[in-house]
Visitor: 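I'd like to ask you about the structure that follows.
Computed from a prediction, not measured in an experiment: that's the story for all the values here. Basis for what follows: all heavy atoms, side chains included, without hydrogens, waters or symmetry-related copies. Counting from 1, the numbers follow the sequence of the chain as shown.
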Amino acid sequence: MAVDAIELRPRGPVLLFDAAIRLCARSSGVWSLLLGSGAAITYAAFGLVEAINRREPIAQPVLIFTVAWLFRSISMGASCHYLEAQLMQNAEPSPWRSFVAALKRAPSLFITTWAVATLNLVGSQASDDNVQTI
C-alpha cells in the first residue's frame, strides 16, 4: 500500500517531521522490527548497570550490551528498508524481507553504528571541554 502523494510533499521542516512521525506510527511493520531490539538494549543496559553496582566482572555484560547494540543496528536498517519499500511499492512490504535485506547489509550497518557512536563521544567530549565553570 503506497503512501498518498500529498504526504510526500510537506512544505517545511515541521510538516516533514510530522509526515515522518505519522508514517512510522501507522505502520505495524516498523514497530515489529524495532520492539525486540529496544527490549534487548534495555535488558543489556540493566544487566551492565547491575554488574557495575555489585562490583562484579563486567566482561559478559559488556559483551551482551555490544551484541544488543549491533542487533539494534540491524533492526534500524530493517525498519528503514521497510519504510522505503512502503513508500515505493504498491504492495504491503514484508518485515521478514526487510530483515533479510538488512542482514545482507550488516557490515555497513555495523560500521555506521560505530562511526556514529564515536562521533557522538568525540562531540560530547568537545562540548564538555568548552563548558566554563562558574
Side-chain angles (χ1 to χ4, degrees):
M1 160 167 126
V3 177
D4 295 333
I6 295 270
E7 291 185 31
L8 296 177
R9 300 179 65 198
R11 300 286 186 229
V14 173
L15 294 175
L16 178 64
F17 184 73
D18 181 54
I21 293 295
R22 281 189 282 126
L23 177 65
C24 291
R26 72 174 182 205
S27 87
S28 60
V30 173
W31 291 101
S32 67
L33 287 167
L34 293 176
L35 189 62
S37 65
I41 286 284
T42 304
Y43 172 78
F46 283 159
L48 182 59
V49 168
E50 189 66 28
I52 291 171
N53 285 340
R54 292 184 180 185
R55 292 181 170 74
E56 296 174 349
I58 62 168
Q60 184 179 7
V62 166
L63 178 65
I64 292 171
F65 187 77
T66 303
V67 169
W69 198 263
L70 294 176
F71 176 60
R72 180 183 177 268
S73 69
I74 295 289
S75 296
M76 293 291 281
S79 66
C80 290
H81 182 272
Y82 182 87
L83 287 173
E84 180 183 5
Q86 187 176 14
L87 287 172
M88 300 299 184
Q89 297 174 357
N90 289 332
E92 184 71 24
S94 167
W96 288 110
R97 274 190 247 144
S98 296
F99 197 77
V100 169
L103 285 175
K104 291 178 183 176
R105 297 184 188 120
S108 64
L109 291 171
F110 293 161
I111 290 168
T112 303
T113 299
W114 288 116
V116 168
T118 303
L119 289 174
N120 190 13
L121 181 64
V122 169
S124 68
Q125 291 297 322
S127 67
D128 289 343
D129 293 341
N130 292 334
V131 174
Q132 297 177 355
T133 57
I134 297 177

Visitor: So, using salt bridge (Lys or Arg N to Asp or Glu O under 4.0 Å) as the criterion, who are the partners of E84 when residues are at least two apart?
Guide: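 Counting only residues at least two positions away or on another chain, E84 forms no salt bridge (Lys or Arg N to Asp or Glu O under 4.0 Å).
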Visitor: How would you list, by chain and number, every residue that makes a side chain to side chain donor-acceptor pair (under 3.5 Å) with R54, sequence neighbours excluded?
Guide: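 R54 satisfies side chain to side chain donor-acceptor pair (under 3.5 Å) with E50 once adjacent residues are dropped.
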Visitor: Could you pull out all residues at least two apart from S98 that satisfy side chain to side chain donor-acceptor pair (under 3.5 Å)?
Guide: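 With sequence neighbours excluded, S98 shows a side chain to side chain donor-acceptor pair (under 3.5 Å) to H81, given in chain and number order.
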Visitor: What residues form a side chain to side chain contact (heavy atoms under 4.5 Å, CB included) with L121, not counting sequence neighbours?
Guide: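 Counting only residues at least two positions away or on another chain, L121 forms a side chain to side chain contact (heavy atoms under 4.5 Å, CB included) with S124, Q125.
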Visitor: Let me have the donor-acceptor pairs involving side chains of residues 31-48, under 3.5 Å, with sequence neighbours excluded, atom names and distances please.
Guide:
| residue | atom | partner | partner atom | Å |
| --- | --- | --- | --- | --- |
| W31 | NE1 | C24 | O | 3.4 |
| W31 | NE1 | A25 | O | 3.4 |
| S32 | OG | S28 | O | 3.4 |
| S32 | OG | G29 | O | 2.8 |
| S37 | OG | L34 | O | 3.0 |
| T42 | OG1 | G38 | O | 2.8 |

Visitor: Run the side-chain donor-acceptor check on residues 99-113: report pairs under 3.5 Å with partners two or more places apart or on a different chain.
Guide:
| residue | atom | partner | partner atom | Å |
| --- | --- | --- | --- | --- |
| S108 | OG | R105 | O | 2.9 |
| T112 | OG1 | S108 | O | 2.8 |
| T113 | OG1 | L109 | O | 2.8 |

Visitor: Enumerate the salt bridge (charged side-chain N to carboxylate O under 4.0 Å, His left out) contacts for residues 31-45, please, sequence neighbours excluded, ordered by first and then second residue.
Guide: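 Matches after skipping sequence neighbours: none remain.
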Visitor: Do any side-chain atoms of residues 59-68 form donor-acceptor pairs under 3.5 angstrom with protein atoms, and if so which ones, sequence neighbours left out?
Guide:
| residue | atom | partner | partner atom | Å |
| --- | --- | --- | --- | --- |
| T66 | OG1 | V62 | O | 2.8 |

Visitor: Going hydrophobic residue to hydrophobic residue with side-chain gaps under 4.5 angstrom, can you get from M76 over to L87?
Guide: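 They do share one cluster, since a chain of ILVMFWY contacts under 4.5 Å joins M76 to L87.
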